[in-house]
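Here's the structure we're looking at; comments come further down.
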Amino acid sequence: MTSTPTISAAAPETAPGTIPLPAATARAATAASAALTLVSTFLAWTWTAAFPGNLTVTGYPGGLQVLTLTGALLTLLCVLSGYGVRGLRWLTPGGTNSPVLLLSIGTLATTWYTVGAITFTLGGLVNLEPGGYIAALASLATTLAALGLRADTPVPPVADPALRSDGPWQRLLHSLKAPAPRRLAKALPSWGEILVIAGAFAVLLYVFTYGIATEYGELFVGFLLLTGFAVPAFAKAGLIRRVSELTAKHRTVSITAAFVAAAAFPFLQSDNQFTSIAANILIFATVALGLNVVVGLAGLLDLGYVAFLGVGAYTAALVSGSPYSSIGVHFPFWAAVLTGALASLIFGVLIGAPTLRLRGDYLAIVTLGFGEIFRIGMQNLDGISGPAITNGSTGIPQIPDLEILGFNFGDSHNFLGFEFTRSANYFWLMLLFTIVVVSIFQRSDSSRIGRAWVAIREDETAARAMGINAFRLKLLAFALGAALAGLAGTVQAHTVSSIDPEQYKFVEAVPPNSAFLLAAVILGGMGTVGGPLIGAAVLYLIPAKLQFIGEYQLLLFGLALVLLMRFRPEGLVADRRKKLEFRETGQLDVPDGGAGNGDDHGPGTPGLSKAEA
């Protein structure tokens with residue numbers, strides 16, 4: 001009679017990854033391979049400068065080599081942090097092994113993409129120099145060695161041996177998806193915490209500046225690959241959680257630092273094109289925040305929201321003195337802003353009053369229809385199919401630049417020795433509007449009305465039973481979201497200086513449009529402030545930078561969205577409710593017993609008894 005094998009929850013001495021190496025050997029191999037990958041970036045990867053970035057120089061990394069160097073350096077630093085090197089423990093307060101694995105995969109993806117791009121672009125592996133081969137093999141060795149590291153969180157036991165997942169990829173996925181163990185961090189003085197917050201926003205500004213200023217498509221793809229793995233790596237390391245705790249503690253300082261960092265962006269740019277992209281991102285993000293009121297707080301699926309942006313833009317174009325305006329008036333800026341916002345608010349009430357008694361898919365279909373009606377209506381107001389108001393498909397061109405208190409936004413101005421062009425002026429104006437919209441959203445979210453919106457979103461029937469006037473509050477959310485979109489539309493009209501109906505389609509290759517706005521809210525994180533801002537930045541940059549792919553652009557973009565929704569369904573920046581909704585297992589919590597790191601268990605890891613630790 002054979003006995004049933006027992007399964008222990010204790011972390012084994014050999015790693016639960018794909019390679020059965022002792023932990024110390026795996027860590028040493030990872031460090032050595034990462035160091036070799038770093039050294040390979042100082043060698044020539046190809047013999048010709050025909051590939052962008054000039055990867056022919058020995059001793060000076062360039063182009064995509066810089067990204068490989070960055071990934072290898074971060075991997076090496078996390079490995080050294082696991083050794084307890086003084087001054088590096090702050091880098092991984094939640095664990096070292098999963099971050100090392102993620103960073104090594106990101107470095108591998110960036111390096112092999114570069115090697116593949118060189119081979120495809122130049123026509124064969126013969127175009128690779130020895131440095132390229134060394135980088136490819138060293139990055140692969142780093143990942144294989146990292147797979148041998150012990151998981152930061154042990155694989156949970158399964159009662160039935162037949163159901164136990166001992167496969168390498170099952171263990172790898174568990175290592176990546178399991179929550180990082182918490183470990184108490186050393187307390188910092190208040191001034192130290194403020195310095196950490198300032199440093200975090202400075203790093204974010206640098207990363208965003210690097211991404212937006214990438215000179216060619218291949219470099220941007222490599223940037224996406226590395227950051228796509230680096231961000232979850234630092235999340236698994238607990239570094240992002242630690243910074244989030246500090247920003248929540250010093251909320252006012254964090255908000256100030258965020259907008260100071262954003263305001264400093266034009267000082268770091270030498271190309272007017274990148275500042276123009278940043279200004280359009282702010283417009284897109286502001287409109288997404290307005291949609292977040294409707295979708296994220298009130299739970300109303302609006303597929304025609306871009307129409308409210310169009311209402312504000314057309315209203316501002318008609319009253320701002322354009323020679324092609326059929327009205328022939330020239331309002332000052334503040335009056336044009338209020339007129340555009342008021343017109344969008346009125347349209348929001350007129351559309352919402354008869355339709356907000358619908359729910360779910362029916363409401364989505366109606367709002368989608370309104371978006372198309374607006375676009376076709378603006379196209380037909382050409383004096384032939386209807387009254388001569390909007391010039392039809394020609395639109396309203398030559399919208400004059402804004403002038404506030406004698407400051408003309410269309411002229412270049414010198415400040416602190418820097419010359420700022422038209423794009424920088426509109427960037428700062430749009431940043432001011434973003435601050436206003438963020439303030440409105442935060443105050444609405446924390447108010448009694450905001451809590452009522454959340455109640456309606458979660459269960460409208462239960463909210464009605466508790467005495468909430470659901471229709472009135474949904475109409476209020478619809479009107480407020482429309483007004484915020486109209487507010488952004490007034491600035492958009494002057495920024496682009498020409499508007500036409502084709503800019504407000506449901507789906508267009510370049511945002512903003514209703515599909516991209518909804519994607520920015522959902523992927524960024526519904527009901528949060530940072531989510532739509534980050535989602536809008538990502539969704540605007542990717543189509544703008546991937547134009548070199550041509551007809552495959554939307555295909556790859558859609559694939560990226562599918563993967564993101566699969567592995568991060570709560571959004572890039574999720575509130576606590578969404579985290580519980582998508583990550584809660586329904587099981588009772590196990591008392592904390594021990595463990596914080598992958599190699600030496602200490603206080604803080606859930607799920608282990610003292611004996612197991």
Side-chain angles (χ1 to χ4, degrees), residues 280 283-284 286-287 290-291 302-355 366-403 409-410 426 433 478-508 510-514 517:
N280 287 320
I283 294 175
F284 187 19
T286 303
V287 181
L291 180 60
D302 188 350
L303 298 182
Y305 188 76
V306 74
F308 297 122
L309 175 69
V311 170
Y314 265 98
T315 302
L318 290 172
V319 302
S320 294
S322 170
Y324 291 89
S325 171
S326 59
I327 298 180
V329 297
H330 192 176
F331 286 1
F333 172 65
W334 64 268
V337 169
L338 293 179
T339 304
L342 180 62
S344 296
L345 187 148
I346 292 173
F347 268 86
V349 173
L350 292 178
I351 298 301
T355 61
V366 170
T367 55
L368 176 61
F370 164 66
E372 289 301 300
I373 289 172
F374 168 79
R375 183 180 63 84
I376 296 174
M378 295 299 102
Q379 192 167 348
N380 289 338
L381 297 179
D382 55 357
I384 300 176
S385 302
I389 299 177
T390 64
N391 300 325
S393 58
T394 303
I396 303 177
Q398 297 185 20
I399 302 172
D401 286 306
L402 294 172
E403 186 171 346
F409 283 74
Y426 280 105
F433 273 78
F478 216 71
L480 177 60
L484 295 179
L487 196 70
T490 59
V491 182
Q492 185 208 26
H494 294 88
T495 302
V496 300
S497 73
S498 177
I499 59 173
D500 60 79
E502 296 302 311
Q503 298 177 6
Y504 306 104
K505 289 182 177 180
F506 173 72
V507 177
E508 183 66 23
V510 178
N513 54 66
S514 292
L517 286 170

When you measure from the side chain of Thr367 to the backbone N and O of Leu303, does any donor-acceptor pair fall under 3.5 Å?
yes
Sub-4.5 Å side-chain heavy-atom contact between Val287 and Leu517:
yes
Thr495 vs Asn280, test: side chain to side chain contact (heavy atoms under 4.5 Å, CB included). Steps then yes/no.
CA-CA 8 Å; Thr495 302; Asn280 287 320; 4.2 Å; yes
Is there side-chain contact between Tyr314 and Pro501, with at least one heavy-atom pair below 4.5 Å?
yes
Measure the shortest side-chain to side-chain distance between Asp382 and Thr390 over non-hydrogen atoms and say whether it is less than 4.5 angstrom.
no
Tell me if a side-chain donor or acceptor on Ser322 pairs with a main-chain N or O of Pro400 at a distance below 3.5 Å.
no
Examine Tyr305 together with Phe478 and report whether their ring centres are nearer than 6.0 Å.
no
To the nearest 0.5 Å, what is the distance between CE (Met378) and CG (Asn391)?
11.5 Å
Can you see which heavy atom on Ala388 is nearest to which on Ser326, and at what distance?
O-CB, 3.5 Å
Would you compute the distance between atom CG of Leu484 and atom CG of Leu345 and round it to the nearest 0.5 angstrom?
9.5 Å
Nearest heavy atoms of Ala493 and Ala313, plus distance in Å
CB-O, 3.5 Å
What distance do Ile396 atom CD1 and Ile327 atom CD1 have between them, rounded to the nearest 0.5 Å?
8.0 Å
Please name the pair of heavy atoms, one in Thr490 and one in Gly312, separated by the smallest distance, quoted to 0.1 Å.
CG2-O, 3.7 Å
Verdict with supporting geometry, Tyr324 and Gln398, side chain to side chain contact (heavy atoms under 4.5 Å, CB included)
CA-CA 7 Å; Tyr324 291 89; Gln398 297 185 20; 3.6 Å; yes
Gap separating the CG atom of Leu381 from the CD1 atom of Ile376, nearest 0.5 angstrom:
12.0 Å
So, for Thr315 and Ala343, which heavy atoms are closest and what is the spacing to 0.1 Å?
OG1-CB, 3.5 Å
Pairwise side-chain contact, Leu487 with Val337, heavy-atom cut-off 4.5 Å (strictly under):
yes
Rounded to the nearest 0.5 Å, how far does CD of Gln492 lie from OG1 of Thr286?
11.0 Å
What is the ring orientation for Phe433 with Phe333, classed by angle as parallel under 30°, tilted 30 to 60°, or perpendicular over 60°?
perpendicular
Can you name the closest pair of heavy atoms from Phe331 and Ala336 and give their distance?
CB-N, 4.1 Å
Would you please classify the geometry between the Phe370 ring and the Phe308 ring as parallel, tilted or perpendicular, with 30° and 60° separating the classes?
tilted
Could you check if a side-chain atom of Tyr426 sits within less than 4.5 angstrom of a side-chain atom of Asp401, using non-hydrogen atoms only?
yes
Does Ser325 use its side chain to pair, donor to acceptor, with the backbone of Gly321 at less than 3.5 Å?
no
Are any of the side-chain heavy atoms of Glu502 and Gln379 separated by less than 4.5 Å?
yes
Is there a donor in the side chain of Ser320 and an acceptor in the side chain of His494, or the other way round, less than 3.5 Å apart?
yes
Side-chain contact, heavy-atom cut-off 4.5 Å: Ile389 with Leu318?
yes
